[in-house]
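Please read all numbers here as calculations on a predicted model, not as lab measurements.
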2 protein chains.
Amino acid sequence: MTPHASIPLKQEVNRLISGIAEPGRQRATTVLDVARVAGVSAMTVSRALNQPQRVPAATRQRVQAAVEATHYVPNLLACGLRSRRSRLVAAIVPALDSTVFGETVQALTTTLGGAGYQLMLGQSGYGAAGEDALLQAIVGRRPDGIVLVGVDHSPRTREQLAGCGVPVVETWDLTPTPIDMLVGFSHADVGAAVCRFLAARGRHHLAVVSGADARAARRTQTFVATAEALGLPAPAQIEVTVPSTLGSGRQALRGLLAQHAAVDGVFCSSDMLALGVLTEAAHQGIAVPGRIGVVGFGDQPFAADAEPALSSVRVDGARIGREAALRVVGRIAGTPAPTLDVGFSIVSRRSA
Amino acid sequence: MTPHASIPLKQEVNRLISGIAEPGRQRATTVLDVARVAGVSAMTVSRALNQPQRVPAATRQRVQAAVEATHYVPNLLACGLRSRRSRLVAAIVPALDSTVFGETVQALTTTLGGAGYQLMLGQSGYGAAGEDALLQAIVGRRPDGIVLVGVDHSPRTREQLAGCGVPVVETWDLTPTPIDMLVGFSHADVGAAVCRFLAARGRHHLAVVSGADARAARRTQTFVATAEALGLPAPAQIEVTVPSTLGSGRQALRGLLAQHAAVDGVFCSSDMLALGVLTEAAHQGIAVPGRIGVVGFGDQPFAADAEPALSSVRVDGARIGREAALRVVGRIAGTPAPTLDVGFSIVSRRSA
DNA sequence: TTGAAAGCGCTAACAA
DNA sequence: TTGTTAGCGCTTTCAA
């Protein structure tokens, strides 16, 4: 095809796109349409878009103009199929109704987006029930990487993930046996640390209010074990339904006071639960921190502004997302990265 | 190929998969591998998986067994490319850090999943800034439908959406000029209704505390206009940064009391803001509802359990998600559906 | 009921 | 620097 001096006019563009052979049915524009309009080959269009540095500026501009004239949007299904790079990273989070993982997802999106990848989000629900079906659907899209929140997965899931040859990052937890890569912190350490934190402040009659999820259970376990190690009375344990709400926190404190009147320190598995405890305490005229100390988990935006300000376990969720994204991208590029423990800190505020 | 009486043994399967020609490099298993193992053609495998009723039970079982023996996961990129049905529906939400849209997304996922579609989630951020780039990336995946939260989009976005021939559902708002389909409610009506709600309870010195987003702005506008129509003093307006937090609610009430001491009714653009107002009021010993009435928006799970229980505007977010999903799926199947106004209700609790 | 051929839109590999 | 050829894995179409 003879190279044109410039991009044809709009009507000419339309004629070129629709083609002379079949002017009837509407087709989506393809590289070939763009190529025809720009007066180059399909391959040159592809290169101009994907490896701009390998194409002279003049050609690049012609192609760019043709892309705009034809409203071309590359078919990423075809790109992915041919190049075996879908430029898609999947993330599986337990749920979206809590906001705990929000900043992780946000950071994932941003970091991946900057590297030219798009995030595909799946909800596993708390529990491994629908996880297999979800995974099947995700793996079928041939993502270049998979980010998981949590390390508790069915053997079938682990097997499928390990077998499909895709980089996997597990997050928000540590385990000695990761499927592949790992970015998280030790929930066991959190439980122990919070117990010592409360004990150090003279709280000896402890309690845990916890939603029924695996990570919270690990925190509870070491919290209780540490209390025992410190020679304290066995902490009361109250389990609430997930997703945990302010209401279940209030109810938990009522139950706690009814059955364990001496309680003077409460560790809640989420800040919202803790806010419920604060609310109920205020309502009943129970002094916080005077009579009861309260510690939450997550250091949500509202924790610092609660009344009294809520002590909480701070985890850098954004960093987890960022590091997970970098690991996936790095692995795709051939650079392996070691397990990262992002740690946590206890933010001491008035409530304890 | 001769049909086998049964599926070959594991080693035979491996030999068939890896192929004699090139036993070296690992390939992902394809329909051809499954076909070889099942002793049928690729086409029959495809049919057995996608249109089971068109294949006799015996054949179907052979294929099913072969799928399991080979750990076959269909390449949905190829499926989508060839069939022009990606079985993907994209949703664009402003953000994931608030939980307001959580139940909508949850319902979308569930309803779409039941219909064999998968949800692809994108965050536009509050504002039309990155929306174009996001849209480009989404349209490139050739989704079978797109669900938008909100009706405020740049002309370029609207044009691209209208032009790409994909079913679009806008949600969480109403507009006389939808791009395609629409499921929402009138934010203008909300503002007016809340104003009348407060006025009817003897609140005449009103105020609005609002995050800077377009939907909240519409509510504020009619709230103010209605106050004027009712002959009330012009409501004080306080704008807070997004995402709105408990802290900004507290701060807003402080500002309000300093500058408009007579205020006796506050409409907040989110329940979290309202919770902040409640918190600050309690802290300053200002009686709610005695001296000030407070109304939130969203009827989040914590609203009913706040102290005092928070009056709020309830919107059935799950229904919006469900109906949006049904509309997308219906439209793909060729059944158009009209605009749906899901309405709202004011849940009257103690705070106002 | 099953299979063979063709091609979805793109890019890897090679050639000019 | 640019183009040609082939084929990614699947399903549409048509024929048996």
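- Side-chain N or O atoms of B:Arg60 include one that pairs as donor or acceptor with a backbone N or O of B:Val55 at under 3.5 Å.
- Contact check, A:Ser41 against D:dT4: no side-chain N or O comes under 4.0 Å of OP1 or OP2.
- For the OP1/OP2 pair of D:dT11 and a distance below 4.0 Å, the side-chain nitrogens and oxygens of B:Ser46 include at least one atom meeting the criterion.
- Nearest-nucleotide positions on DNA chain D for A:Gln53 and A:Ala42 put A:Gln53 closer to the 5' end.
- Closest approach of B:Ile146 and B:Val89 over heavy atoms only: N-CG1, 4.5 Å.
- A:Leu81 places its CG atom 17 Å from the P atom of C:dG7, with the value rounded to the nearest Å.
- Proximity of A:Asn50 to the phosphate of C:dT11: a side-chain N or O atom is located under 4.0 Å from OP1 or OP2.
- Between D:dC8, C:dG9, D:dC10, one nucleotide has an atom nearer to the side chain of A:Arg84 than all others, and that is D:dC8.
- Between B:Leu148 and B:His153 the shortest side-chain heavy-atom distance falls below 4.5 Å.
- In this structure A:Gln51 satisfies the side chain to side chain contact (heavy atoms under 4.5 Å, CB included) test together with A:Arg47, A:Gln53, A:Arg54, sequence neighbours excluded.
- The CG-P distance, from B:Leu32 to D:dT11, rounds to 12 Å in whole Å.
- Shown here are the salt bridge (Lys or Arg N to Asp or Glu O under 4.0 Å) partners of B:Asp173, two or more places apart in sequence or in another chain: B:Arg218.
- Atoms CG (B:Asn75) and P (C:dG9) sit 17 Å apart, rounded to a whole Å.
- To the nearest angstrom, P of C:dT1 lies 17 Å from CZ of B:Arg62.
- Here B:Thr59 reaches the OP1 or OP2 of C:dT2: one of its side-chain N or O atoms lies under 4.0 Å away.
- For B:Ala78, whose side chain is taken as the heavy atoms from C-beta onward, the closest listed nucleotide among D:dT2, D:dC8, D:dC10 is D:dC10.
- Taking atom CG of residue B:Leu77 and atom P of nucleotide C:dC10, one finds them 13 Å apart after rounding to whole Å.
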Nucleotide N/O to protein N/O under 3.5 Å, stretch nucleotides 12-16 of chain C:
unit_1, atom_1, unit_2, atom_2, d
C:dA12, O4', A:Arg82, NH2, 3.3

